[in-house]
Amino acid sequence: MTPNGTCDVAVVGLGPAGRALAHRSLSAGLSVLAIDPAPQRPWRQTLAGWTAQLPPWLPREAVGAVADDPVIRADPSAESSAECGAGSGYPVRARYGVLDNSALAAALPLSGARIEARAITDTELAQLPARVVVDARGSRPVGLGRSHRREGRNGDGAVNGVLNGVPLQRAFGVMFEPHVAAPVLDGAGAVLMDWRPHDGATAWGERSPTFLYVIPLPDSRVLLEETCLVGRPGPDHTQLRHRLEQRLLRYGIGRSVIEGAGHERVTIPMLRAPRTGAAWSFGAAGAQHNPITGYSVFASLAAVDGVVARIAQAVRDGHRTPRSQLGRRPAGGPPLIRRAALRALLRLGPDDTMALFDAFGRLPARRQQQVLDAGATTPEVARALYAQFRRLPPRSATALIRASLV
Ligand SMILES: Cc1cc2nc3c(=O)[nH]c(=O)nc-3n(C[C@H](O)[C@H](O)[C@H](O)COP(=O)(O)OP(=O)(O)OC[C@H]3O[C@@H](n4cnc5c(N)ncnc54)[C@H](O)[C@@H]3O)c2cc1C
């Protein structure tokens, strides 16, 4: 810190991304101002991702549960959901991890930082006493705009698209003891996506498709979530809960078991609004956000040291908050191509969506990772999406081309 109180970097927002950035900046010898209305507030959401993305400096205890080769089930011609076992799914050849949020926070100490408990407006960002200001305030949602209007109600009453609606990922989840969840997992360590209809139908028809996500939790329970990958707004939490109940009933898990279990509600804005040019952005506020999956935390942890190096360089060069996104290259990933993929997903019909994920399940592991990893380069993502396209049946391939045209 300079004698007049100016820090090297101000990190605004102490979610997982901002806290990791503040911590690694301190470790690199930078002086840090860290600001959040509730700096010590625990993170309550379940945070999962691919462990290969995690940096070597993160202690192993930060990962509270792992599952190898989680499966994707999306074959519409497979047996009913209840009869379908792990053998009928496609394994994604990678290790999926769930963070222990308390251990993660403990692994990111901020001793030495100046911490202020307050909210910062866009105007105040430009006035903070720091050479570099980083906006890590999480995502601020935005719609895809007028040209993507598609309104109407689906068979299940869910609104499929609204004018300038914000694309959202929503999920309703329950937490079960492992023996209760065992029939659903049926030998798999985790189910990344089971796209087959919750009610045992072989097609979604006009209904918004949703999938079941099943992962182990750090407290040794299992999370089962009915998820709408992206909708504007798509099925709400009540509709998702209803679908989950129907799905689980097919495995012999009754409503009373769900009533007595812990719950989680997920809402993730899939597109973020552009931030003010006064600050660099990082995490869900920045290029680490993957608009195809809605996830950002593992990509933020993967990118953080590259970003700290750029901050240190900017401080050495005497720059003040250049107008660019931190970590966008090489660690941040390709927003344009992912944005186009998100738009196509929103326009694709329900059964073609299921076919798309069936094709995803049949991709080689490397290509699957390139779709899922926000740090993959544009050519990598393009090649992976093309490989997925080539695995589609002709009807769905034509539908995807139509959905991709602006
Ligand atoms: C139930 C649930 C499950 C999820 N599961 C996953 C998952 O498995 N994997 C994944 O990657 N993502 C998941 N997400 C999304 C996940 O929450 C975000 O990806 C993650 O929290 C982003 O981290 P972040 O630090 O960038 O932003 P945030 O966690 O949103 O943190 C932003 C911080 O900024 C602070 N802030 C806000 N406004 C201001 C202001 N004006 N001034 C100062 N500070 C401010 C907030 O207090 C907060 O601490 C999930 C979300 C939910 C709700």
Side-chain angles (χ1 to χ4, degrees), residues 10-23 33-51 53-54 63-65 67 70 96-101 104-105 108 110 115-125 128 133-141 168-175 190 192 213-218 223 225-227 229 237 240 262-270 272-273 275-276 279 281-304 307 326-327 332 372-375:
V11 180
V12 183
L14 291 175
R19 198 176 166 105
L21 186 63
H23 166 71
L33 167 63
I35 309 177
D36 193 292
Q40 304 304 332
R41 182 167 44 204
W43 307 316
R44 303 223 175 272
Q45 68 275 42
T46 305
L47 295 173
W50 304 103
T51 58
Q53 286 185 289
L54 295 175
V63 181
Y96 201 62
V98 185
L99 296 175
D100 177 328
N101 291 358
L104 177 65
L108 306 172
L110 299 184
I115 300 177
E116 295 181 10
R118 61 184 174 115
I120 294 290
T121 62
D122 286 357
T123 315
E124 288 167 327
L125 271 184
L128 289 172
V133 176
V134 181
D135 182 355
R137 291 176 296 173
S139 54
R140 185 164 57 180
L168 292 177
Q169 179 174 122
R170 289 202 285 211
F172 179 86
V174 289
M175 292 140 188
L192 203 58
Y213 171 67
V214 190
I215 55 166
L217 293 175
L223 175 69
E225 256 171 17
E226 191 74 25
T227 305
L229 183 62
H237 289 122
L240 290 166
H263 296 161
E264 175 174 88
R265 283 181 171 77
V266 181
T267 304
I268 303 176
M270 299 297 270
R272 59 191 162 76
R275 294 290 192 160
T276 165
S281 51
F282 185 63
Q288 288 65 43
H289 170 77
N290 183 341
I292 302 179
T293 64
Y295 284 5
S296 61
V297 173
F298 281 55
S300 300
L301 292 167
V304 71
V307 169
L326 269 182
L372 297 170
D373 178 2

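The residues of the chain are indexed from 1 along the displayed sequence. As the structure lists them, so they are numbered: ligands from 1, and atoms in each ligand from 1.
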query = Can a non-hydrogen atom of R265 be found less than 4.0 Å from any atom of ligand 1?
reply = yes
key: Of the listed options I35, L47, L125, closest to atom 16 (C) of ligand 1 (non-hydrogen atoms)   = L47
ask   = So, does N101 use its side chain to make a donor-acceptor pair with the main chain of W43 at under 3.5 Å?
value = yes
ask   = Has A38 got any heavy atom lying under 4.0 angstrom from an atom of ligand 1?
value = no
request  = Identify the heavy atoms of I215 and A48 that sit nearest to each other, and give their distance.
outcome  = CD1-CB, 4.2 Å
Side-chain touch M270/L168, heavy atoms, less than 4.5 angstrom = no
task = List the closest protein heavy-atom neighbour of atom 20 (C) of ligand 1: residue, atom name, distance to the nearest 0.1 Å.
result = V297 CG2, 3.5 Å
request  = Just jot down the ligand 1 atoms closer than 4.0 angstrom to any heavy atom of P37, in number order.
outcome  = 43 (C), 44 (N), 45 (C), 47 (O)
task = Check whether any N or O atom of P16, backbone or side chain, sits under 3.5 Å from an N or O atom of ligand 1, and answer yes or no.
result = yes
note = atom 37 (C) of ligand 1 sits nearest the protein heavy atom R137 O, 3.7 Å
inquiry  = Measuring from non-hydrogen atoms of R19 to any atom of ligand 1, is the shortest distance under 4.0 Å?
reply    = no
Contact partition for L14 relative to ligand 1, non-hydrogen atoms under 4.0 Å = backbone
key: N/O separation below 3.5 Å, E264 to ligand 1   = no
ask   = Are any of the N or O atoms of Y213 closer than 3.5 Å to those of ligand 1?
value = no
Residue and atom name of the nearest protein heavy atom (relative to atom 30 (O) of ligand 1), distance in Å to one decimal = G138 CA, 3.5 Å
task = Kindly confirm or rule out an N or O of T267 lying under 3.5 angstrom from an N or O of ligand 1.
result = no
request  = Just need the protein heavy atom nearest to atom 2 (C) of ligand 1, so name the residue and atom and give the distance.
outcome  = Q45 CB, 3.4 Å
query = Got an N/O contact under 3.5 Å between T46 and ligand 1?
reply = yes
key: salt bridge (charged side-chain N to carboxylate O under 4.0 Å, His left out) against E264, all qualifying residues, sequence neighbours excluded   = none
request  = I would like to know whether V12 and V134 meet side chain to side chain contact (heavy atoms under 4.5 Å, CB included); could you show each step before the answer?
outcome  = CA-CA 6 Å; V12 183; V134 181; over 6 Å; no
request  = Determine, using heavy atoms of S300 and all atoms of ligand 1, whether some pair is separated by less than 4.0 Å.
outcome  = no
inquiry  = Considering both backbone and side-chain atoms of A48, is one of its nitrogen or oxygen atoms within less than 3.5 Å of a nitrogen or oxygen in ligand 1?
reply    = yes
query = Relative to ligand 1, is R118 under 4.0 angstrom through side chain, backbone, both or neither, heavy atoms considered?
reply = backbone
request  = Would you confirm whether R19, through its side chain, and L104, through its main-chain N or O, come within 3.5 Å as a donor-acceptor pair?
outcome  = no
request  = Specify the protein heavy atom at minimum distance from atom 18 (C) of ligand 1: its residue, its atom name, and the distance to 0.1 Å.
outcome  = S296 OG, 4.0 Å
Protein residue, atom and distance nearest to atom 15 (C) of ligand 1, heavy-atom basis = I268 CD1, 3.6 Å
task = With the side chain counted from C-beta on, respond yes when E124 and I35 share a heavy-atom pair under 4.5 Å apart, and no when they do not.
result = no
message = When you measure from the heavy atoms of G49 to every atom of ligand 1, does any distance fall below 4.0 Å?
response = no
request  = Closest by any non-hydrogen atom to atom 25 (O) of ligand 1: pick that one out of A299, P269, A17.
outcome  = A17
A284, any N or O under 3.5 Å of ligand 1 N or O = yes
key: Closest candidate by heavy atom, reference atom 10 (C) of ligand 1, pool F298, Y295, F172   = Y295
key: Where ligand 1 meets A136 - atom numbers and elements under 4.0 angstrom, heavy-atom basis   = 32 (C), 33 (C), 34 (O)
query = Considering only heavy atoms, which of T121, D36, D122 lies nearest to atom 46 (C) of ligand 1?
reply = D36
message = Just to confirm my output: which protein heavy-atom neighbour is closest to atom 47 (O) of ligand 1, and how far is it?
response = R41 NH2, 2.8 Å
message = For A136 versus V11, what's the shortest heavy-atom pair and its separation?
response = CB-CG1, 4.5 Å
task = Give a yes or no answer on whether the side chain of R265 reaches the backbone of H237 with a donor-acceptor pair at less than 3.5 Å.
result = no
Nearest protein heavy atom with distance in Å, relative to atom 42 (N) of ligand 1 = I120 N, 2.8 Å
